[in-house]
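These notes concern the structure reproduced below.
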Amino acid sequence: MDTIASLFSFITWPVSWVIVQFHKLYGAVFGPDTGWAWGLSIVSLVVLIRICLIPLFVKQIKATRNMQALQPKMKAIQERYKSDKQRQSEEMMKLYKETGTNPLSSCLPILAQSPFFFALYHVLSNIASGKEIGVLNQELVDSARQAHIFGAPIASKFMDSPEAVAALGASLTDVRIVTAIMIVLMSASQFFTQRQLMMKNVDLSVKTPYMQQQKMLMYIFPVIFAVMGINFPVGVLVYWLTTNVWTMGQQMYVINQNPTPGSKAQDSYLQRLLKSVTHHGEVRSRRHKAVVKAIVAKGSDRNENERRFIGALAKAGFAAQADGTVVKSDAAVAEAEGTAAPKRQQPKRQTKAQRQSGGQQAKSDETVTETAEESAGETAQDTGAKTSLEKKPETPAKGAPQGGGRSRANSGGSRQRKGQQRPKHPSSKK
């Protein structure tokens with residue numbers, strides 16, 4: 001660790017200068033040799049660094065969201081070029097370039113903090129050895145060596161020997177207890193920060209390998225910090241605990257105010273926005289208008305949270321506009337109360353078996369209908385023929401035998417075709 005810290009010795013001078021300036025401020029209040037003066041100086045150093053890193057933090061958030069959105073496409077590229085690693089890498093870089101995504105952007109805050117972290121470690125190590133460093137002269141080094149935080153010197157470590165701890169004017173038990181508590185708090189804050197991100201600010205509808213990696217890091221990072229923490233001075237533990245708490249609060253603010261689409265945090269955010277709109281009857285802030293405008297612009301591409309939000313607005317009698325405002329809508333009220341005109345429903349789609357059975361049934365009905373019509377027609381024709389014959393009976397000619405007339409009539413009747421026929425003249429010959 002000392003070798004790594006020495007690589008960042010070029011930044012020890014600005015770090016030590018900032019600590020000294022804050023020490024002058026807090027020393028006037030708590031005393032120059034107190035742990036409060038030196039401890040708060042380290043905390044203030046963290047706050048100053050994190051404020052300067054806010055632009056990088058914003059880039060980290062955008063990069064993380066872009067990476068989450070690209071996971072399905074990245075997975076498709078990996079499956080498509082599974083056997084060609086070079087082509088796979090080329091397609092990945094092409095995808096990053098087209099979308100403007102930098103995979104290293106999510107690590108920018110940690111990478112930017114690393115020089116300050118190791119520079120502070122280098123400063124505290126020299127304080128423990130009683131050596132001057134940066135702008136810290138011997139007088140300030142001796143003052144820092146006398147500073148104790150809850151009985152533990154700011155330059156002491158968990159793994160220090162009893163002799164080294166005694167040289168700093170403290171007991172090994174106090175140092176072990178204080179450092180152990182700080183290590184636990186540091187690891188716990190790291191865990192809850194990552195868990196907060198995974199449980200609330202991730203689109204759970206998309207299952208990707210990226211999410212599995214983040215879940216693994218949620219458990220791995222706290223273990224790494226716990227193992228490394230036993231070699232950190234108390235002052236460095238104060239630094240890292242402070243930056244973890246800052247990250248947790250900063251991330252909580254971002255999750256509440258600018259959640260990831262499709263996440264639980266977005267659902268909570270839209271519920272709060274819905275309460276505000278229904279209570280005031282309008283979208284009050286410019287930021288909320290931008291959110292509503294973005295949801296309206298998505299149209300059919302809205303996620304489940306956004307569809308519920310638009311539906312709840314309609315039930316409350318409001319309609320979201322393209323400019324991000326809302327207006328009273330009588331149609332929305334009528335639809336919510338069930339008084340709107342019923343919508344025309346499309347007929348249910350039939351299966352192939354139902355269509356075939358329906359066609360066969362229709363054919364059968366047509367056949368039966370045609371048979372009934374033919375039967376009815378034949379009956380009507382027979383009835384008409386009989387009636388016609390009864391009204392105009394054949395009159396036998398004079399001198400002709402009556403039996404012959406009846407025989408011809410009977411033979412004609414047996415050979416009668418369908419439909420009405422003209423009766424033969426009585427004088428016609430056989």
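No hydrogens, no waters, no symmetry mates; every other heavy atom, side chains included, goes into these values. As the structure is a computational prediction, the values presented were derived from the model and not from experiment.
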- prompt: Do you know the tightest heavy-atom contact between Gly281 and Val326?
  reply: O-CG2, 4.3 Å
field: side-chain contact (heavy atoms from CB on, under 4.5 Å) against Gln86, all qualifying residues, sequence neighbours excluded
entry: Asp84, Glu90
message: To the nearest 0.5 Å, what is the distance between CZ on Arg87 and CD1 on Ile77?
response: 10.0 Å
- request: Please identify each residue that fulfils side-chain hydrogen bond (donor to acceptor under 3.5 Å, both in side chains) with Gln251, with sequence neighbours left out.
  value: none
Nearest-0.5 Å distance, CE of residue Met252 to CD of residue Gln196: 4.5 Å
field: Heavy-atom side-chain proximity of Phe150 to Ile181 below 4.5 angstrom
entry: no
task: Would you name the heavy atoms of Ile149 and Gly35 that are closest together and state the gap between them?
output: CG1-O, 4.1 Å
- prompt: Are Arg302 and Ile295 side-chain neighbours, meaning at least one heavy-atom pair lies under 4.5 Å?
  reply: yes
field: side-chain hydrogen bond (donor to acceptor under 3.5 Å, both in side chains) contacts touching residues 19-28 (sequence neighbours left out)
entry: His23-Trp38, Tyr26-Ser44
Test side chain to side chain contact (heavy atoms under 4.5 Å, CB included) applied to Ile19 and Leu120, step by step: CA-CA 9 Å; Ile19 292 177; Leu120 179 62; 3.6 Å; yes
message: Taking Gln146's backbone N and O only, do any of them form a donor-acceptor pair with His148's side chain (distance below 3.5 Å, no angle check)?
response: yes
statement: Shortest non-hydrogen pair, Ser263 vs Asn305, comes out as O-ND2, 3.0 Å
field: Leu273 and Val292: CA distance, side-chain angles, deciding distance, side chain to side chain contact (heavy atoms under 4.5 Å, CB included) verdict
entry: CA-CA 9 Å; Leu273 179 57; Val292 176; 3.9 Å; yes
field: Within 6.0 angstrom of Arg284 CZ, more than 12 heavy atoms from elsewhere
entry: no
task: List for me each residue that meets salt bridge (Lys or Arg N to Asp or Glu O under 4.0 Å) alongside Glu163, sequence neighbours excluded, and say none if there are none.
output: none
task: With sequence neighbours left out, write down each residue that passes side-chain hydrogen bond (donor to acceptor under 3.5 Å, both in side chains) with Asn126, or none if nothing qualifies.
output: none
message: Using modelled atom types and a 3.5 Å cut-off, is there a donor and acceptor pairing between side-chain atoms of Asp160 and backbone atoms of Val165?
response: no
query: If you look at every heavy atom in Gly31 and Ala37, which pair is closest and at what distance?
result: O-CB, 3.3 Å
- prompt: About how many Å separate OG1 of Thr242 and CD1 of Ile42, when rounded to the nearest 0.5 Å?
  reply: 8.5 Å
- request: Run the numbers on Thr325 and Val283 for side chain to side chain contact (heavy atoms under 4.5 Å, CB included), then give the verdict.
  value: CA-CA 6 Å; Thr325 59; Val283 183; 5.6 Å; no
Sidechain-backbone polar pair: Gln266 side chain, Pro259 backbone, donor-acceptor under 3.5 Å: no
- request: Give, for atom CD1 of Ile183 and atom CG of Leu241, the distance between the pair rounded to the nearest 0.5 Å.
  value: 11.0 Å
message: Checking side chain to side chain contact (heavy atoms under 4.5 Å, CB included) between Phe116 and each of Val46, Leu45, Leu48, Ile49, which is the one that passes?
response: Ile49
field: Thr179 side chain vs Val175 backbone, donor-acceptor pair below 3.5 Å
entry: yes
- line: CG of Leu270 to CG of Asn303, rounded to nearest 0.5 Å, is 8.0 Å
task: If a pair satisfies ring pair (Phe, Tyr, Trp, His ring centres under 6.0 Å) and one of its residues is in residues 174-201, list it, with sequence neighbours excluded.
output: Phe191-Tyr219
message: How close do Ala119 and Ile11 get, counting heavy atoms only, and between which atoms?
response: CB-CG2, 3.0 Å
- prompt: salt bridge (Lys or Arg N to Asp or Glu O under 4.0 Å) with Asp267: which residues, sequence neighbours excluded?
  reply: Arg308
message: Quick check against the 3.5 Å criterion: does Ser16 have a side-chain atom that pairs as donor or acceptor with the backbone of Trp13?
response: yes
- prompt: Hey, what do you get for OG1 (Thr243) to CE (Met248), rounding to the nearest 0.5 Å?
  reply: 11.0 Å
- request: Please assess Lys97 against Lys94 for the test side chain to side chain contact (heavy atoms under 4.5 Å, CB included), listing each intermediate value before the final yes or no.
  value: CA-CA 5 Å; Lys97 186 176 181 180; Lys94 183 179 178 181; 5.7 Å; no
- line: With sequence neighbours left out, the residues meeting side-chain contact (heavy atoms from CB on, under 4.5 Å) with Val141 are Leu136, Gln138, Arg145
task: Step through the shown structure and confirm whether more than 12 heavy atoms of other residues, nucleotides or ligands are within 6.0 Å of NZ on Lys131.
output: no
query: Are the side chains of Leu140 and Glu132 in touch, meaning some heavy atoms are under 4.5 Å apart?
result: no
field: For Tyr269, ring pair (Phe, Tyr, Trp, His ring centres under 6.0 Å) partners two or more places apart
entry: His288
Set of salt bridge (Lys or Arg N to Asp or Glu O under 4.0 Å) partners for Arg80, sequence neighbours left out: none
Would you be so kind as to tabulate the donor-acceptor pairs closer than 3.5 Å made by side chains of residues 167-174, with sequence neighbours excluded?
residue: Ser171; atom: OG; partner: Asp174; partner atom: N; Å: 3.4
residue: Ser171; atom: OG; partner: Asp174; partner atom: OD2; Å: 2.9

message: Distance to the ring centre below 6.0 angstrom and angle to the axis at most 45 degrees; does that hold for Lys157 and Phe232?
response: no
- request: Inspect the surroundings of NE2 in His279 and state if more than 12 heavy atoms from other residues, nucleotides or ligands are less than 6.0 Å away.
  value: no
task: Applying ring pair (Phe, Tyr, Trp, His ring centres under 6.0 Å), name anything that partners Phe158, two or more places apart in sequence or on another chain.
output: none
query: Does CZ belonging to Arg287 count more than 12 external heavy atoms closer than 6.0 Å?
result: yes
message: I'd like to know if the side chain of Ser143 and the backbone of Pro32 have a donor-acceptor N/O pair within less than 3.5 Å.
response: yes
query: Minimum heavy-atom separation for Ala320 to Leu313, with atom names?
result: CB-CD1, 4.2 Å
